[in-house]
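Have a look at the structure below before the remarks.
Heads up: numbering here begins at 1 and tracks the sequence.
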Amino acid sequence: MEAMRQTWSDDRLDELSANVNRLAASVDRRFDRVGERLDRAEDRTRAEFQAVRTEMREGFARVDGQFAAIGSRFGGVEARLGGIETELRALHRLLIRISVGVGGVCAIALATAVLSRP
């Protein structure tokens with residue numbers, strides 16, 4: 001090490017120091033540019049994610065509204081079906097009464113026909 005120090009003059013050491021400083025400054029500038037690019041990329045990514053989130057929220061709100069509208073329509077259909085079911089039950093009871101009545105008339109007619117035979 002002593003031999004190197006003796007062969008290197010102060011001017012050469014100053015020149016080496018200046019070169020090292022210049023290279024260090026160059027490396028620092030490059031790292032600063034990389035850092036700036038990363039910051040811009042992070043900002044763009046963050047903005048994109050926020051836009052996607054906003055779009056998703058709006059889409060979900062629309063879908064929720066559509067489901068609510070469909071639900072209210074089904075509620076109306078359900079009420080109508082309940083009314084139709086009640087009417088069908090009443091009609092079924094009426095048909096049973098008519099069948100019993102027609103069956104009774106048929107039985108009387110048959111009995112009358114059988115009894116009126118000589």
Separation of Asp14 CG from Asn21 CG (nearest 0.5 Å): 10.5 Å
So OG of Ser99 and NE2 of His92: to nearest 0.5 Å the spacing works out to 8.5 Å
Candidate list Gln50, Glu48, Glu55, test side-chain contact (heavy atoms from CB on, under 4.5 Å), partner Val52, passing option: Glu48
Nearest 0.5 Å please: distance from the CZ atom of Arg30 over to the CZ atom of Arg33. 6.5 Å
Heavy-atom pair of closest approach, residues Ser116 and Thr112: OG-O, 2.6 Å
For the atom pair CG (Leu16) and CG (Asp11), what is the distance rounded to the nearest 0.5 Å? 12.5 Å
Carboxylate-amine/guanidinium proximity below 4.0 Å for Arg62 and Glu58: no
Looking at CE of Met56 and CZ of Phe49, how far apart are the two atoms once the value is rounded to the nearest 0.5 Å? 11.0 Å
Ser26 side chain to Arg22 main-chain N or O, any donor-acceptor pair under 3.5 Å? no
Indicate if Val102 and Leu94 have the same hydrophobic cluster label, given that clusters are the connected sets of ILVMFWY residues with side-chain heavy-atom separations under 4.5 angstrom. yes
Determine whether Val105 and Leu110 fall in the same hydrophobic cluster, where Ile, Leu, Val, Met, Phe, Trp and Tyr are linked whenever their side-chain heavy atoms lie under 4.5 Å apart. no
Rounding to 0.5 Å, atoms CG (Asp39) and CG (Asp32) come to a distance of 10.5 Å
